[in-house]
Amino acid sequence: MKIIVNGIEHTLSVEPEMPLLWVLRDELGITGPKYGCGIAQCGACSVMIDGRATRSCSVPIGQVDAPVTTIEGLGAPDALHVVQEAWIAHQVAQCGYCQAGQIMAATAFLAKTPDPTDDQIDAAMSANLCRCGTYPRIRAAMKTAAAALRGDAA
Amino acid sequence: MSRIGTITRRTFMVGTAAISGGIALGFYAYKEPIDNPLLDGLGAGEAAITPYVKIDQNGVTIITPRADSGQGAYSVQAALVAEELDVDLGAITIDPGVPSAAYFNGKVIAEGLPFASTDMGTLAKGARSMGQVLGKIMGVQVTGGSSTVADAYEKLRIAGAVARETLKQVAADKTGLAADVLRTQDGRVLLPDGTSIAYTALAASKVEPISKVTLRDQSDWRYLTKSMQRIDMVQKSTGTLTYGIDLRFDGMVFATVRTNPRLGGGVRGFDAIDARAARGVIDVIPVTGGAAVVADNTWRAFRAADMIEFDWGDAPYPHEQADMWDTVSQSFTKAHQDSQFKDTGDVDAALTTGETLSAEYRIPYLGHAPLEPLNAVVKYDGTRLDVWTGTQIPLFMVGNIERLHGISADNIHIQNQYMGGSFGRRLEDDYVQQAVEIALSMPNVPIKMTWSREEDMTHDFPRPMQIARASGAVENGAVTAFDLAIAAASTTASQMSRIGQPAFGPDVAIVAGAWDQPLAIPNYRVTGYRAPALVPVSSWRSVGASGNAFFHNGFLDELFHKAGADPLEELLRLCDHDLSRKVLQAVGEMSDWGTPLGANRGRGIAFTVAFGVPTAEVVTVTNTPQGIKIDEVFVAAEVGKVIDPVNFQNQAEGGVIWALGHAMNCEVTFADGMAEQTNFHAYEAMRMYQTPKVTVRALENGPDVRGIGEPTVPPAAPALANAIYAATGLRIREMPMNKHIDFV
C-alpha cells in the first residue's frame with residue numbers, strides 16, 4: 001500500500017483498517033497530528049486529504065486515496081504558511097496540543113471562505129476542541145490570516 | 001577540570017544568599033541552602049553558576065524547573081533569568097532540569113495555610129514565612145497553585161544577576177580590568193575599549209560566584225512587563241514541538257494499559273489469549289489493577305487491549321451516583337465537621353431576625369481531561385531508570401517510584417516534557433507508575449505507554465462533588481447574616497495517601513474561596529464538613545475555590561436580591577479590603593454596571609480572592625428563544641505586577657472559558673462504579689460557538705506579584721448563574737447548568 005504525505009511517497013505494510021493518524025505517528029514518525037480522542041470529536045488529528053480537512057483518527061488508511069498534507073507540510077519554522085504566521089502573531093497557543101489541528105482546519109476553511117463572517121468562523125471551528133480556551137485568539141488569527149490570504153493591506 | 005572554578009557547593013550557597021534591593025531573603029536564614037544539582041556531571045568547559053544557569057562553549061542554558069502545561073511557565077522563568085543575565089531570549093536554550101530540592105516552591109505551601117491571603121496580621125505573615133521554610137525542607141518541587149511567578153519573581157532574577165556579575169568577575173580576572181568598568185549585553189561582557197567577550201568563552205575559567213547583587217530597577221527592564229513572544233510559539237504553530245506523547249527512541253515499543261474503571265477495585269484475573277495473538281502484540285503484562293499490552297504500534301496496542309476479558313473487582317465506594325450524593329448529603333454532622341475558620345458575630349441569633357432565606361447548592365465531579373492523553377516513556381537497564389514524561393511533581397514522582405518499585409532515588413532520572421495541558425491532572429503520577437511497571441518487566445527496551453482517551457476519562461482524579469447548605473438574613477436592604485456549610489471529600493487527604501503520607505488537620509480546600517473572603521458581613525460563618533472518601537480526588541484548576549466560589553457568590557446574590565440591593569453596590573459596601581474594592585470598581589466600570597441592557601438580557605457579578613488574587617467578573621447574557629447566549633465577560637484582577645501582558649491575557653481568558661464551559665456543560669457521574677463519560681462527546685466543555693468575548697483588565701496596586709493561571713476560574717460560573725437569574729428569574733444552584741436551562 002502506498003501513501004503520499006507532504007509530497008513524499010511511502011510504502012506501507014499495515015492493516016487497511018489502521019487509522020491514518022497512527023500510520024502517520026507510529027509508522028512514519030510524523031507527529032504534528034495529535035491523538036486526542038480517537039473518535040473524531042476533538043480535531044487534534046486534523047490533516048488535509050486532497051485539500052479537505054479530515055480527522056485522521058477516523059479514516060482507515062485503506063480508504064486514503066489522495067495525497068495527505070499534515071501541519072509539517074503546510075509550512076515550517078523558516079518557511080511559515082500565512083495561517084501559521086497569523087497564529088504566531090496573535091500568540092494563539094497555550095499548551096498548543098490542539099493547534100496543529102486548528103491550523104489545518106482553519107487553512108482548509110479559509111481556502112473556501114476567503115472573507116468569513118464571525119458566525120461562519122464559529123460554525124467551521126466548533127468541531128475543534130481547545131481545552132485551554134484559546135478560541136478568542138483563534139478567531140482573531142483567522143481574520144488576520146483571511147485578510148493576508150486575500151491580499152488586503154494588514 | 002575546568003568548570004567555573006572549583007565551584008564548591010559552599011560557594012554556590014553564598015551565591016544564592018544574595019541581597020535583593022538591600023533586603024536579605026528571609027528564608028535563607030532558617031536553614032542551610034541546598035546543593036546545586038547542576039554541579040553533578042558537569043563536563044569540561046561547562047559552568048553552573050547557580051542552579052538556574054548553565055553555560056558551555058555552545059551557549060547559555062536556563063533551567064526552568066516549573067513545568068509547562070501550556071501556561072507559559074518555561075517562557076516566564078527564562079525571561080526572569082534573562083532579564084538580569086543579559087541574554088537574548090531568542091538565543092538561549094531552556095531545560096527543565098533534574099528533580100531537585102534546590103528547586104523548592106516556597107509559595108505553594110505558604111498560600112495553602114488557613115490564613116486568608118488578604119490577612120496581613122502577624123500570625124498570618126509568620127505562618128506564610130514558615131510555609132516557605134517547610135517548602136524548602138520538604139523539597140517541594142511542585143508546579144501548581146498559580147505560584148510559579150510568585151515564587152520565581154525574585155529568585156530567578158537573583159539567579160540571573162549572580163550569574164552576570166560572576167561572569168563579569170571572570171572577565172575582569174582575565175583582562176586585568178576592574179569588574180565595575182565592565183558591562184554586559186546579549187550574552188557578552190563588554191570591555192571599555194569596545195571589544196567584548198562572549199559568556200561562552202568565559203565558562204571554562206575559574207572564579208568564585210559573586211555573593212551580593214543588586215537587582216535592576218524596573219525602568220531598565222528589557223523583557224519583563226512587556227509583551228513577549230513565548231519561546232514555544234513557533235514550534236507550537238508548526239507541529240514541531242515534541243510533547244511527551246511524541247517521543248521516539250531507537251528500539252522503542254508502544255504500550256497501553258487497561259485498569260479497573262471501578263477505581264481501586266483491582267483485578268481478579270484476565271483472559272488475554274486473543275490479545276496476545278493480535279498483530280503486532282509483543283507481550284501482555286499484568287500491572288496493578290489491570291494489564292498492559294506492549295506492541296509495535298500504539299493503535300495495535302489499543303486494539304489488542306480491547307480484546308482482553310477482565311474480571312474486575314468491586315468498587316470500594318458506593319456504585320451509583322445517587323448513593324454518592326447521599327453520602328455527601330449525610331455529612332453535615334458534628335462528627336464530620338472539619339473546619340470553621342470563619343465565625344464572626346452571632347450567626348444563629350442573626351438568622352432569627354429580618355427576612356431569612358435558605359438554599360442548597362451542588363456541584364458534580366469534574367475531570368481534567370487534558371487534550372494530550374496521559375503517557376510516559378520509561379527505560380530500565382537493570383539499575384538505572386529513565387522516565388520521560390510531563391509532570392507537575394517530579395520530586396514526589398521520584399519518591400513514589402522508590403517507594404513503590406524499590407529503585408534507589410539515585411538511579412531514577414526524570415526528564416520533564418512539554419505537556420498538552422494538565423489543569424492539575426499531572427499532580428498525580430499513576431500513569432507513570434504503570435509505565436515503570438511495564439519497563440521493569442522489559443529491561444533495556446524503551447517503552448512508550450499511552451492511555452486511550454477512554455482510559456484517561458475513566459481514570460481521572462476528579463474535583464470532588466460537593467453540596468453546600470446556605471442560610472442568610474437581610475434587614476433594611478442589607479445582608480445581616482451569611483451561613484455557609486460545605487460538605488466534600490478531602491482532596492488533600494486523597495492526594496497525600498498517594499505519596500504515602502497522612503494528612504493532618506482540617507482541609508483548607510473544602511472551604512477555600514468561601515471562608516477567606518474580605519467581606520465584613522456582621523454575622524458570617526463558613527463551616528467545612530469532610531465527607532467520607534468516595535472516588536480518589538485531586539486538584540482541578542483553582543481547586544476548592546472552583547466550586548466554593550459558586551456557592552458563596554450564588555447565595556450572596558440571592559440575599560442581595562432578597563434585600564433589594566444592587567449586587568455591586570452591596571459588595572462594595574461589605575468589602576473591607578482596599579485592593580479588592582478597586583477590582584470591584586474596575587469591573588463595574590468595564591461592564592457599564594447599572595446601565596440598562598435591554599429586554600431579555602441580564603448581568604451577573606461575582607468576586608473571589610483565590611491564590612492571593614482578588615478577581616471580579618461580570619457576565620452578560622441574552623435569553624434567546626433557543627436558550628441562553630453568553631454575550632460578554634469582563635474580568636478585573638489584582639496581581640501586583642503583570643510580567644507578560646500577552647500571556648496574562650491568554651491565561652485570564654483561558655481560565656474564564658475553562659470555568660464557563662464546564663459550568664454549562666460538564667459533569668462526571670458514576671454508574672455501576674464507573675465514570676459514565678468516556679470521551680469528549682459526553683464531556684464537551686466550551687467550544688468556539690459558545691465562547692463569549694472576554695475583556696480583561698489587570699490591576700497592579702498590590703505589593704505581591706501573583707500568578708493568573710487559576711484566579712479567573714472561580715468567579716466565572718457564579719457570575720454566569722447570577723446573570724441568568726437577572727435575565728430570566730431562574731436561580732441555578734447546580735452544575736452543570738444545562739440541566740436547568742439550554743445554552744446556545
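Numbers restart at 1 for each chain; the letters A, B, ... are given by sequence-line order, proteins then strands. Here the structure is a predicted model, which is why all the values come from computation and not from measurement.
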> Could you walk me through whether A:Trp22 and B:Phe302 pass the side chain to side chain contact (heavy atoms under 4.5 Å, CB included) check?
Replying inline: CA-CA 11 Å; A:Trp22 294 109; B:Phe302 284 175; 3.8 Å; yes
Examine whether an atom of [X] lies under 4.5 Å from a heavy atom of chain A, and if so say whether it belongs to the side chain, the backbone or both; otherwise answer neither.
{"X": "B:Thr242", "result": "neither"}
{"X": "B:Glu372", "result": "both"}
{"X": "B:Gln649", "result": "both"}
{"X": "B:Met233", "result": "both"}
{"X": "B:Tyr243", "result": "side chain"}
{"X": "B:Phe254", "result": "side chain"}
{"X": "B:Thr691", "result": "both"}

Check: [Y] and [X] side chains under 4.5 Å, non-hydrogen atoms:
{"X": "B:Ile657", "Y": "A:Pro136", "value": "yes"}
{"X": "B:Leu241", "Y": "A:Gln99", "value": "no"}
{"X": "B:Trp299", "Y": "A:Asp26", "value": "no"}
{"X": "B:Ile245", "Y": "A:Arg25", "value": "yes"}
{"X": "B:Phe423", "Y": "A:Cys132", "value": "yes"}
{"X": "A:Arg131", "Y": "B:His368", "value": "no"}
{"X": "A:Arg139", "Y": "B:Met688", "value": "yes"}
{"X": "B:Arg687", "Y": "A:Met125", "value": "no"}

Using only atom types and a distance under 3.5 Å, with no angle test, would you say the side chain of B:Gln229 pairs donor to acceptor with the backbone of A:Gln91?
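No: the side chain of B:Gln229 does not pair with the backbone of A:Gln91.
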>> With a 3.5 Å distance limit and no angle check, can you tell me whether A:Ser126 reaches the backbone of B:Tyr689 through a side-chain donor-acceptor pair?
In response: yes
Among the listed options [options], the residue most often paired with chain A at heavy-atom distances under 4.5 Å:
{"options": "B:Pro370, B:Pro692, B:Gly421, B:Gly239", "answer": "B:Gly239"}
{"options": "B:Val234, B:Asn679, B:Asp232", "answer": "B:Asn679"}
{"options": "B:Gly661, B:Ala369, B:Ser227, B:Ser69", "answer": "B:Ala369"}
{"options": "B:Gly280, B:Ser452, B:Ser422, B:Gly72", "answer": "B:Ser452"}
{"options": "B:Met457, B:Gln235, B:Arg303", "answer": "B:Arg303"}
{"options": "B:Val656, B:Thr298, B:Thr240", "answer": "B:Thr298"}

Does this structure show an ion pair linking A:Glu17 with B:Arg279, if we count only N-O contacts that are shorter than 4.0 Å?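 Here A:Glu17 does not pair with B:Arg279 in a salt bridge, since their nearest N and O are not under 4.0 Å apart.
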Nearest heavy atoms of B:Leu371 and A:Ala44, plus distance in Å: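 Shortest heavy-atom contact: CD2-CB, 4.2 Å.
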In terms of heavy-atom contacts, B:Gly420 and A:Tyr97 come closest through CA-CB, 3.7 Å
Taken to the nearest 0.5 Å, the spacing of B:His681 NE2 from A:Cys42 SG works out to 13.0 Å
- Item | Point-to-point distance, once rounded to the nearest 0.5 Å, from NZ of B:Lys236 to SG of A:Cys95 |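 The SG atom of A:Cys95 is 6.5 Å from NZ of B:Lys236, to the nearest 0.5 Å.
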(Q) Run the salt bridge (Lys or Arg N to Asp or Glu O under 4.0 Å) test on A:Glu27 and B:Arg248 for me, step by step, so that the C-alpha distance in whole Å, both residues' side-chain angles and the decisive distance to 0.1 Å come before the verdict. (A) CA-CA 11 Å; A:Glu27 300 298 316; B:Arg248 187 86 179 235; over 6 Å; no
For this session: Just grab all the side-chain hydrogen bond (donor to acceptor under 3.5 Å, both in side chains) pairs involving residues 29-45 of chain A, residues at least two apart or on different chains.
Result: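 Output for this query lists A:Lys34-B:Asp246.
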### Query
Of A:Ile71, A:Leu74, A:Ile88, which meets side chain to side chain contact (heavy atoms under 4.5 Å, CB included) against B:Ser237?
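It is A:Ile88, the one option of A:Ile71, A:Leu74, A:Ile88 that forms the side chain to side chain contact (heavy atoms under 4.5 Å, CB included) with B:Ser237.
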Might you confirm whether atom NZ of B:Lys226 has over 12 heavy atoms from other residues, nucleotides or ligands at distances under 6.0 Å? yes
Hey, which of [options] has the most heavy atom pairs under 4.5 Å with chain B?
{"options": "A:Pro33, A:Ala40, A:Ala127, A:Ala93", "result": "A:Ala93"}
{"options": "A:Thr134, A:Leu80, A:Val14, A:Ile30", "result": "A:Val14"}
{"options": "A:Ala100, A:Gly36, A:Gly133", "result": "A:Gly36"}

Q.
Heavy-atom cut-off 4.5 Å, strictly under: side chain, backbone, both or neither for A:Gln102 against chain B?
A.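 Neither part.
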If one checks every heavy atom of A:Asn128 against chain B at 4.5 Å, the contacting part turns out to be backbone
